[in-house]
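The analysis underlying the following values was restricted to heavy atoms, covering all of them including side chains, and did not include hydrogens, waters or symmetry mates. Residues take their numbers from the sequence shown, with the count starting at 1.
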Amino acid sequence: FMAGRVDPKPGEIILDPACGTGGFLTSSIRHMRERYVKAPRDEQLMQSSLRAVEKKQLPHMLCTTNMLLHGIEDPAFVRHDNTLAKPYVSYTQADRVDVVLTNPPFKGREEPGIESNFPSNLRTRDTADLFLALIMRLLKPGGRAAVVLPDSSLFGDSIKQLLREQLLEECHLHTIVRMPYGVFSPYTDIRTNLLFFSKGEPTKGIWFYELRCPTGEK
């Protein structure tokens, strides 16, 4: 669903900065193969445009394996690293991407010192906040993103409020899909939302949709 909504195409740089085992990457690959890959050159162009980073060793290994199983010839683009460990200001135009699809960790906090890589007004150890700030910087003008974020990103104050204001001013947040409780159980019961936005124009209106459990439970 998320890959279909942002509609990645061969030749566009597609990034998952917290890729886990590669679910969004495989969704993007499937989407492009079904819609846009018509010749070997298209496949080659698609494979050369994928980017991913995963901090933890086991998910990184599983993502690499997942790419091989999905016909990716060289999965070396999946880096074993922490995207947030690189200073915010060192991400330049050369690092900009067309599409970001990601579900960043939103229950943990970064180790001390990571927040110092960010401008003083954005310093926090909340992982989800840092990823949202970085995603906005990494998108090219006209770039699209689909990101899973917790309720606190939408309703929290302080830095969270600052990030929301920045998102609404720098990006067109056109769609929010509110997910039911328990979507990520047993890993977490935190209520989550899918945010879809494009960079370059301020938000003019938001389409909001709330998914509910078939039983009607919250």
Side-chain angles (χ1 to χ4, degrees), residues 2-3 5-8 12-29 31-32 46-64 66-67 72 75-111 113-119 122-150 153 159-160 163 166-167 170-171 173 184 187 192-199:
M2 292 175 71
R5 184 70 176 171
V6 298
D7 191 28
E12 292 186 321
I13 303 299
I14 302 161
L15 169 69
D16 187 339
C19 65
T21 59
F24 283 129
L25 292 170
T26 58
S27 295
S28 298
I29 292 166
H31 173 84
M32 288 186 283
M46 178 195 71
Q47 293 199 23
S48 66
S49 301
L50 300 173
R51 307 285 187 273
V53 186
E54 174 50 42
K55 177 181 177 181
K56 296 182 179 180
Q57 184 173 0
L58 180 58
H60 171 262
M61 181 184 68
L62 293 174
C63 182
T64 301
N66 202 3
M67 294 301 98
I72 301 300
F77 68 87
V78 183
R79 295 192 294 112
H80 182 206
D81 200 356
N82 182 357
T83 310
L84 303 176
K86 182 177 177 179
Y88 177 93
V89 295
S90 69
Y91 284 101
T92 64
Q93 289 188 0
D95 300 301
R96 300 287 167 86
V97 301
D98 299 286
V99 175
V100 173
L101 270 162
T102 192
N103 178 10
F106 47 73
K107 194 175 181 180
R109 296 174 67 80
E110 290 298 311
E111 58 266 25
I114 290 294
E115 72 275 11
S116 64
N117 291 322
F118 287 75
L122 297 177
R123 285 180 185 170
T124 175
R125 290 179 60 193
D126 186 298
T127 302
D129 289 347
L130 294 175
F131 268 107
L132 179 56
L134 186 58
I135 288 165
M136 286 189 280
R137 182 171 179 86
L138 286 174
L139 280 176
K140 294 178 180 179
R144 294 105 57 207
V147 185
V148 183
L149 290 173
S153 296
I159 288 179
K160 297 179 188 299
L163 284 169
Q166 182 180 343
L167 177 62
E170 296 183 5
C171 302
L173 174 61
F184 292 101
Y187 304 105
T192 55
N193 306 272
L194 312 182
L195 274 63
F196 299 85
F197 54 91
S198 56
K199 186 174 178 179

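Taking all atoms of both residues into account, the shortest heavy-atom contact from H80 to K55 is NE2-O, 3.1 Å. The shortest non-hydrogen separation linking M136 to K199 is O-NZ, 2.7 Å. Minimum heavy-atom separation, D98 to I13: OD2-N, 2.8 Å. Nearest heavy atom pair, residue G23 against residue T26, reads O-OG1, 2.8 Å. Nearest heavy atoms, F197 versus I135: CZ-CG2, 4.0 Å. S28 and I14 make their closest contact through OG-CG2, 4.3 Å (heavy atoms, listed as atom of the first residue, atom of the second, distance).
Between the R96 side chain and the R137 main chain, a donor and an acceptor come within less than 3.5 Å of each other. A donor-acceptor distance shorter than 3.5 angstrom exists from the side chain of N117 to the backbone of L84, with no hydrogens or angles considered. A side-chain donor-acceptor contact under 3.5 Å links R123 to the backbone of F118. Judged by distance alone, the side chain of E54 and the main-chain N or O of G20 form a donor-acceptor pair under 3.5 Å.
At least one side-chain heavy atom of N82 sits under 4.5 Å from a side-chain heavy atom of I114. Residues E12 and S49 form no side-chain contact, since every pair of their non-hydrogen atoms from C-beta on lies 4.5 Å or further apart. Between V100 and P17, the closest side-chain pair of non-hydrogen atoms falls below 4.5 Å. Annotation: side chain of L194 is not in contact with side chain of R5 (no heavy-atom distance under 4.5 Å). Contact annotation: the side chain of V147 never approaches that of L132 to less than 4.5 Å [non-hydrogen atoms, C-beta and beyond].
Between the CG atom in D129 and the CD atom in E115 there is a gap of 12.5 Å [rounded to 0.5 Å]. Interatomic distance, OG1 of T64 versus CZ of R79, reported as 12.0 Å (0.5 Å rounding). The distance from the NZ atom of K160 to the CG atom of L149 is 9.0 Å, given to the nearest 0.5 Å. For the atom pair CG of L163 and CZ of F131, the computed distance is 13.5 Å after rounding to the nearest 0.5 Å. From L15, atom CG reaches atom CZ of F24 across 12.5 Å, with rounding to the nearest 0.5 Å. Distance CZ/F196 to CE/M2: 5.0 Å, rounded to 0.5 Å.
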#### Entry: Steps toward side-chain contact (heavy atoms from CB on, under 4.5 Å) verdict (V78, N66)
CA-CA 11 Å; V78 183; N66 202 3; over 6 Å; no
### Task
Just do the side-chain contact (heavy atoms from CB on, under 4.5 Å) check on M67 and I29 with the steps written out, would you?
CA-CA 9 Å; M67 294 301 98; I29 292 166; 4.0 Å; yes
### Task
Assess whether side-chain contact (heavy atoms from CB on, under 4.5 Å) is satisfied between I159 and D126, documenting all intermediate values.
CA-CA 10 Å; I159 288 179; D126 186 298; over 6 Å; no
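Contacts classified as salt bridge (Lys or Arg N to Asp or Glu O under 4.0 Å) and involving residues 15-28 (residues at least two apart or in different chains) are not found.
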Sequence neighbours left out, cut at 3.5 Å: what donor-acceptor pairs do the side chains of residues 85-92 make with other protein atoms?
| residue | atom | partner | partner atom | Å |
| --- | --- | --- | --- | --- |
| S90 | OG | P87 | O | 2.6 |
| Y91 | OH | T83 | O | 2.8 |
| T92 | OG1 | A94 | N | 3.4 |

